[in-house]
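Read the structure below first, then the notes.
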Amino acid sequence: MKEVKVESTFFVFDDLKDIPSDVQQLMQNASEARDNAYAPYSKFHVGTAILLDNDEVVTGSNQENASYPSGLCAERTAIYYSGAKYPKAKILKMAIIAGSTKNITSKPIPPCGACRQAIAEYEVKQESPIEIYFMGETGKVVKSNSLANLLPLLFDKSVL
Ligand code: THU
């Protein structure tokens with residue numbers, strides 16, 4: 001038996017104004033998308049904006065359903081739309097902003113496991129890393145240079 005350690009590196013910015021200006025703009029796009037979240041059940045609103053290598057920005061927000069599992073997270077709404085509309089474009093950056101309407105969320109909210117798996121699919125498909133930035137409504141912004149940092153021991157097409 002041997003122990004295997006997996007390391008992940010993240011970068012933490014104290015404030016939105018500390019991140020690169022193009023990502024500030026992308027986070028603004030995510031924030032506007034968040035305004036369109038449909039989350040009457042959880043009251044947790046999430047917005048995502050994706051910057052593609054064709055300069056297009058695709059956004060999404062979480063969309064809930066009375067049949068709870070039928071709803072979809074903001075990240076997957078955005079990434080599937082991006083894949084559907086611009087199948088040849090590469091995803092460069094993804095900005096995520098999230099928080100409850102019941103209180104101010106100031107801690108960075110990472111994508112859920114299912115969204116990580118979905119983002120991983122596109123990172124593998126395009127053979128280049130996707131930069132991911134996530135935050136609460138205010139406060140620190142976390143950056144990951146690749147989805148791989150968020151999802152070690154990936155299940156991908158190589159195992160099929
Ligand atoms: N949600 C997202 O949109 N993204 C995530 O990564 C985590 C959760 C949504 C799903 C649901 O509408 C609400 O947040 C509460 O889980």
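Each ligand, and each atom within it, is numbered from 1 in the order the structure gives. Treat the numbers as computed from the prediction; the structure is a model and nothing was measured. Below, each value reflects all heavy atoms present in this structure, side chains not excepted, and no hydrogens, waters or symmetry copies. Along the sequence shown, residues carry numbers from 1.
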### Summary
Within 4.0 Å of some non-hydrogen atom of Glu64, the atoms of ligand 1 are 11 (C), 12 (O), 13 (C)
### Query
What are the atoms of ligand 1, with element, lying closer than 4.0 Å to any heavy atom of Ser42?
13 (C), 15 (C)
### Query
Relative to the heavy atoms of Pro111, which atoms of ligand 1 are at a distance of less than 4.0 Å?
6 (O)
### Query
Salt bridge check: are Glu3 and Lys5 linked by an N-O gap of less than 4.0 Å?
yes
### Task
Evaluate side chain to side chain contact (heavy atoms under 4.5 Å, CB included) for Tyr86 paired with Asn54, printing each intermediate quantity in order.
CA-CA 9 Å; Tyr86 303 108; Asn54 61 7; 3.4 Å; yes
### Query
Taking distance alone, with no angle check, do Leu72 and ligand 1 share an N/O pair under 3.5 Å?
no
### Identity of the nearest option to atom 8 (C) of ligand 1, non-hydrogen atoms only, from Cys73, Ser61, Ala37
Cys73
### Query
Judged by atom type as modelled, is there a donor-acceptor pair below 3.5 Å linking the side chain of Arg116 to the main-chain atoms of Leu150?
yes
### Message
In the complex you have, is atom 16 (O) of ligand 1 within reach of the protein, judged by whether a heavy-atom distance drops under 4.0 Å?
### Response
no
### Task
Indicate yes or no: does Lys157 engage Glu121 in a salt bridge with an N to O separation below 4.0 Å.
no
### Task
Group every Ile, Leu, Val, Met, Phe, Trp and Tyr by side-chain heavy-atom contacts under 4.5 Å, then state whether Val46 and Ile109 land in the same group.
yes
### Query
Looking only at heavy atoms, is any part of Glu75 under 4.0 Å from ligand 1, and if so is it the side chain, the backbone, or both, or is it neither?
side chain
### Query
Of the protein's non-hydrogen atoms, which lies at the shortest distance from atom 9 (C) of ligand 1, and what is that distance?
Asn62 ND2, 3.5 Å
### Query
Any N/O of Ala74 closer than 3.5 Å to an N/O of ligand 1?
yes
### Summary
Per side chain to side chain contact (heavy atoms under 4.5 Å, CB included), Leu26 is matched among Ile96, Leu51, Thr59, Ile50 by Leu51
#### Entry: For Asn36, all residues meeting side chain to side chain contact (heavy atoms under 4.5 Å, CB included), sequence neighbours excluded
Ser61
